[in-house]
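Here's the structure we're looking at; comments come further down.
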2 protein chains.
Amino acid sequence: MMPRWKPDAAGRLTKAAITLFEQQGYEATTVAEIAEAAGLTKRTFFRYFADKREVLFMGSEELQDLWVSSIRAAPDRAGAMEAIESALDAVAQLFAERHPFARVRARIIAANPELQERELIKLAKLADAAAGALRDRGVADRAATLAGQTGVAVFHDAFARWVQQEDPDVMRALMDGSLAELRAVVMEGRGRAARPKASALRRA
Amino acid sequence: MMPRWKPDAAGRLTKAAITLFEQQGYEATTVAEIAEAAGLTKRTFFRYFADKREVLFMGSEELQDLWVSSIRAAPDRAGAMEAIESALDAVAQLFAERHPFARVRARIIAANPELQERELIKLAKLADAAAGALRDRGVADRAATLAGQTGVAVFHDAFARWVQQEDPDVMRALMDGSLAELRAVVMEGRGRAARPKASALRRA
DNA sequence: TAGTCGATGGCACTGGGTGTCATGCGGTGC
DNA sequence: GCACCGCATGACACCCAGTGCCATCGACTA
C-alpha cells in the first residue's frame, strides 16, 4: 500500500542537510531549506531533531552505547585502561565502515564553531559515561574520571588523524600510537616505563 | 566632568547577567532584561558580547594568555609536562583570588548545557594553545597535542573539585593529585613508575 | 461505518542576533 | 567661538531558530 508518508523522514532530513551544508555551508543553510529539500516542513524537522546542529549527530547515541557496553563487557580482571582499550577497539571497528561519511561530516564540523561545540559536548558525555562504567567496575572515583578523559583524548586525537588520510582500517593503530605517545609524554623523565615500544609507534 | 555615559558597560552587563541568571536561571533571562538592568539596550549588549553565553566568559582570553605565556616562560630544559605544570601553577594562583566568583559561575554553567558547550570549547582552545606553545618549544606534534589535552584534563578535574569545597588555596594540590592519579591509571601494570608517590596523593 | 491513532502541516509567537541609520556629547582645529 | 569629527549608544526593522497549539487525513480497528 502506498503509505501516507514517504518513509525515513529523519534519514531524508540528514541527507538533505549534509548536501546543503556541503554546497552552501552550515550557516548559510536554513532549516526551512533542509526540510523543503526533504519534502517536509520546518516544524517536522524539529520533531526529529532538537535543534539544527543535532541533524549532524544522529547515531551518536548508538556510539555511546557501544562505547559503554564495551567497557562493561571487558574481563573482570582488566584494569581501567584495559577496559578503555577494549572500548577503543569496538569504536575503531564501527568507524572503519563509515570512513567516507565521517570525512565529509568532519569537514563540515571543522568549518563551524557551533558544530564543534556540539561535538565537544558529545565527547564529554562519552568521557563521563566511560567514567561511570568504570566506577561500576570498582575503579576509584578520580581514576575513573581521568581514565575516561584519557580514553576520549586518545580517541579524538586518533580520529583527527584518521579522517585526514585514506585508509579506513588504521584507526586502531592510530589509537595505539596516541596512547603510547601519551604515556611517553606523561611519564617523561620518570624511568623506563616512559619510553613507548618502537613497535607501537611504528604501527601508527 | 560627568561623562556622557556611565563607565564600564561590559562590567555592568556581566554583573546584571550573573545576578539575573542566579535569580531566574539562564534560559528564563532575556538579553533585553540584562541590558535594561545595566541601563543599556539589547543592541549594546551585542556590541560587547558576541552572544548571550559569552557574557559569562569575560576574562577567558586573559586566562589563555597567562596559560600560554607560562608555557613559553618555562625553562628551556623543561620537558613538555614540566612546561604544562608551570602553566598549571600560574593558573592555580590566578583562580585562588576568585574563588567565590568562580563558584557562582560554575553553578550557573553546570545548570545549562548551552553554557557547558561554550565552556568546553574554551577548554579545547586552551589545549590547542598549549599544544602550539609546546611545538614552538620543539616538542613533537603529537606529543604536544596530547600534553595539551592532558594538562587541560588535569586542570578541569581539579577545578571541578576545587569549586566544590571551601579553601581557595588548594587548587595546585588538587592538580598535583589529579596528575599523579592520571599517571597511575595510565601506567597501571607497567612497572614501578605507575604508582604515584603517597606524598603527592596526600596533598590533594 | 464510525472512531481512533499518528505523522505531518499551518500558523502565530518568542527571543537571539544583525544591519543600518540617527543622536548627541566631548574633543580638535582654526 | 564655530564647525567638524569620533564614538558609544539608541532605535528600528528584519531574519531565523525554536515552540505551542490545533487542523488534517490516510491507516488501522471495532
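Worth knowing before you read on, the calculation uses all heavy atoms, side chains too, and leaves out hydrogens, waters and symmetry mates. Every value quoted in this text rests on a predicted model; they were computed, and no experiment measured them. All chains are named by letter (A, B, ...) in the order of the sequence lines, taking the proteins before the strands, and each is independently numbered beginning at 1.
Applying the side-chain contact (heavy atoms from CB on, under 4.5 Å) criterion to A/D169, with sequence neighbours excluded, gives A/A96, A/D167.
Cation-pi geometry between B/R105 and B/F21 is not met: the NZ or CZ atom fails to fall both under 6.0 Å from the ring centre and inside 45° of the normal. Relative to the ring axis of B/Y26, B/R53 does not place its NZ or CZ within 45° and under 6.0 Å from the centre.
A/K6 has its NZ atom 12 Å from the P atom of C/dT8, to the nearest Å. The nearest whole Å value for the distance from the CD atom in A/E36 to the P atom in C/dG10 is 11 Å.
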Fill in: Criterion side-chain contact (heavy atoms from CB on, under 4.5 Å) on A/V68 and A/Q64, from CA distance to verdict
CA-CA 6 Å; A/V68 169; A/Q64 177 164 331; 4.2 Å; yes

Discussion item. Would B/D157 and A/T145 count as a side-chain hydrogen bond (donor to acceptor under 3.5 Å, both in side chains) here? Give the steps.
Written reply: CA-CA 8 Å; B/D157 181 64; A/T145 302; 4.6 Å; no

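Here the CD-OH distance, from A/E54 to A/Y48, works out to 15.5 Å after rounding to the nearest 0.5 Å. Rounded to the nearest 0.5 angstrom, B/H156 NE2 and B/L120 CG are separated by 6.5 Å.
In this model, the phosphate group of D/dA8 is not approached by any side-chain N or O of B/Y48 to a distance below 4.0 Å at OP1 or OP2.
At a cut-off of 3.5 angstrom, counting only N and O atoms as typed in the model, there is no donor on one side facing an acceptor on the other between the side-chain of B/R4 and the base of C/dG26.
Under the 30°/60° scheme for interplanar angles, the aromatic rings of A/W67 and A/F155 are found to be tilted.
Taking every heavy atom of residues 10-22 of chain A and every atom of DNA chain C, no pair lies under 4.0 Å.
Comparing A/F49 and B/T44 against DNA chain D, the residue whose closest nucleotide sits nearer the 5' end is B/T44.
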Item to complete: Indicate for each nucleotide in nucleotides 11-18 of chain D, in 5' to 3' sequence, whether protein heavy atoms under 4.0 Å reach the base (B), only the sugar-phosphate (S), or nothing (-).
Response: BB----BB

